[in-house]
Amino acid sequence: MSNPRPLEEEVYDMSGARLALTLCVTKAREGSEADLDALERMFRQLGFESTMKRDPTAQQFQEELDNFQQALDARNDPVSCAFVVLMAHGLEGRLKGEDGQMVELENLFEVLNNKNCRALRAKPKVYIVQACRGEQRDPGETVSGGDIVMITKDSPETIPTYTDILHVYSTIKGYIAYRHNKEGSCFIQTLVDVFTERRGPILELLTEVTRRMAEAELVQEGKPRKVNPEIQSTLRKRLYLQ
């Protein structure tokens with residue numbers, strides 16, 4: 001039997017412009033200013049042109065994404081990568097605007113896909129979502145020596161429209177996302193720490209974010225809680241930010 005060959009390392013070209021858009025509902029979300037400060041620091045360190053908008057309504061979430069796409073496509077210089085950070089109260093698949101109305105995440109995601117945004121065609125698009133995805137709370141499970149079975153769900157391959165996209169959710173489907181009223185959210189703060197302190201391809205950095213969050217003990221209303229992010233990727237190459 002022949003020896004398996006190591007994977008060729010294909011890497012995204014990051015020599016062009018890097019842009020970031022952050023849309024954050026701060027009302028009734030104490031601690032979100034700490035998250036905005038941390039993200040601003042991270043984007044500055046990673047060389048992104050960063051725009052932040054506070055307290056968008058549901059309609060403004062959509063409008064700001066549309067404006068971002070139009071600005072990207074109107075640029076004369078090449079664009080390498082875009083980050084979109086969405087922070088709000090939410091339910092699975094939906095975010096709540098400052099006006100209490102809901103916006104569908106799917107509608108926000110498709111604005112920058114390969115079909116709708118020429119500037120980002122075949123370029124990495126990273127969505128970071130800090131929001132609840134339901135009401136469930138995870139008390140955590142004890143890990144022992146037995147077999148741990150990972151269940152993965154098959155997602156339909158819709159190539160080429162939806163390649164080169166990375167969705168990073170602060171929590172898994174159906175569960176609450178936690179936020180400290182002064183220090184910000186566990187997810188955003190951990191992500192910023194890892195992205196600014198460590199080097200490596202983004203999926204490896206996100207694995208480290210997941211590891212740190214899985215180890216962290218959160219206490220809510222006197223009860224221990226566990227939370228971990230969820231990562232969905234259609235990246236075709238390795239993405240290095242540092």
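No hydrogens, no waters, no symmetry mates; every other heavy atom, side chains included, goes into these values.
- Side chain of Lys237 to backbone of Leu235: no donor-acceptor contact under 3.5 angstrom is found.
- Using a 30° and 60° split on the angle between ring planes, Phe109 and Tyr169 fall in the perpendicular class, above 60°.
- A side-chain donor-acceptor contact under 3.5 Å links Ser170 to the backbone of Ala131.
- For Arg29 (side chain) and Val25 (main-chain N/O), a donor-acceptor pair under 3.5 Å exists by modelled atom type.
- Proximity of Gln59 to Gln101: side-chain heavy atoms (C-beta onward) are nowhere separated by under 4.5 Å.
- Test Lys27, Arg54, Lys53 against Glu98 for salt bridge (charged side-chain N to carboxylate O under 4.0 Å, His left out) and you get one pass: Lys27.
- For the pair Val103/Thr57, no side-chain contact is recorded, criterion being any heavy-atom separation below 4.5 Å from C-beta on.
- Considering CG of Asn113 and CD of Gln69, their distance stands at 9.5 Å, rounded to 0.5 Å.
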Assess whether side-chain contact (heavy atoms from CB on, under 4.5 Å) is satisfied between Arg41 and Val192, documenting all intermediate values. CA-CA 8 Å; Arg41 185 179 86 243; Val192 168; 3.4 Å; yes
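- Other residues, nucleotides and ligands contribute more than 12 heavy atoms inside 6.0 Å of the CZ atom of Arg211.
- Side-chain contact between Gln242 and Met14: absent, with no pair of heavy atoms (C-beta onward) separated by less than 4.5 Å.
- The distance from the CE atom of Met87 to the CG atom of Leu23 is 9.0 Å, given to the nearest 0.5 Å.
- Inter-residue side-chain proximity for His167 and Ile231 is flagged as unmet; no heavy-atom pair is nearer than 4.5 Å.
- In the model, Thr163 has a side-chain atom that pairs as donor or acceptor with a side-chain atom of Asn114 under 3.5 Å.
- Within the 4.5 Å cutoff, side-chain heavy atoms of Cys117 are placed close to those of Leu72.
- Residue pairs satisfying the ring-ring contact (aromatic ring centres under 6.0 Å, His included) criterion with at least one member in residues 200-242, sequence neighbours excluded, are absent.
- Atom NZ of Lys123 has more than 12 heavy atoms from other residues, nucleotides or ligands within 6.0 Å.
- When only modelled atom types and interatomic distance are considered, Asp55 and Thr26 share a side-chain donor-acceptor pair under 3.5 Å.
- Residues Asp66 and Glu64 form no side-chain contact, since every pair of their non-hydrogen atoms from C-beta on lies 4.5 Å or further apart.
- Note that the CD atom of Glu110 and the CG atom of Leu65 stand 10.5 Å from one another [nearest 0.5 Å].
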Where do Asn107 and Gln62 land on the side-chain contact (heavy atoms from CB on, under 4.5 Å) test, with the steps shown first? CA-CA 8 Å; Asn107 294 343; Gln62 191 72 50; 3.4 Å; yes
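- In this structure, the separation between SG on Cys24 and CD on Gln130 is 9.0 Å, given to the nearest 0.5 Å.
- Interatomic distance, CD1 of Ile188 versus OG1 of Thr22, reported as 8.5 Å (0.5 Å rounding).
- Closest heavy-atom contact between Arg121 and Lys115: NH2-O, 3.6 Å.
- Under the 4.5 Å side-chain criterion, counting only non-hydrogen atoms from C-beta, Leu203 is not in contact with Leu205.
- Contacts classified as ring-ring contact (aromatic ring centres under 6.0 Å, His included) and involving residues 9-45 (residues at least two apart or in different chains) are given here: Phe43-Phe48, Phe43-Phe83.
- Side-chain contact annotation: Asp35 with Gln189, donor-acceptor N/O pair under 3.5 Å present.
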Stepwise salt bridge (charged side-chain N to carboxylate O under 4.0 Å, His left out) check, Glu10 with Arg236: CA-CA 8 Å; Glu10 281 262 344; Arg236 295 174 300 113; over 6 Å; no
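- Of all the heavy atoms in Arg18 and Leu241, the pair that sits closest is NH1-O, 2.8 Å.
- Side chains of Val85 and Tyr127 form no contact here, defined as non-hydrogen atoms less than 4.5 Å apart.
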For side-chain contact (heavy atoms from CB on, under 4.5 Å), just list the numbers for Val168 and Phe187, CA-CA rounded to whole Å, side-chain angles, deciding distance to a tenth of an Å, and then say yes or no. CA-CA 10 Å; Val168 188; Phe187 168 63; 3.6 Å; yes
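- Here the side chain of Asp13 pairs no donor or acceptor atom with the backbone of Ser80 at under 3.5 angstrom.
- For the atom pair CG (Leu120) and CG (Asp164), the distance works out to 9.5 Å, reported to the nearest 0.5 Å.
- Counting only distance, with no hydrogens or angles, the side chain of Asn228 and the backbone of Thr210 share no donor-acceptor pair below 3.5 Å.
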Show your reasoning for whether side-chain contact (heavy atoms from CB on, under 4.5 Å) applies to Val84 and Val129. CA-CA 8 Å; Val84 175; Val129 183; over 6 Å; no
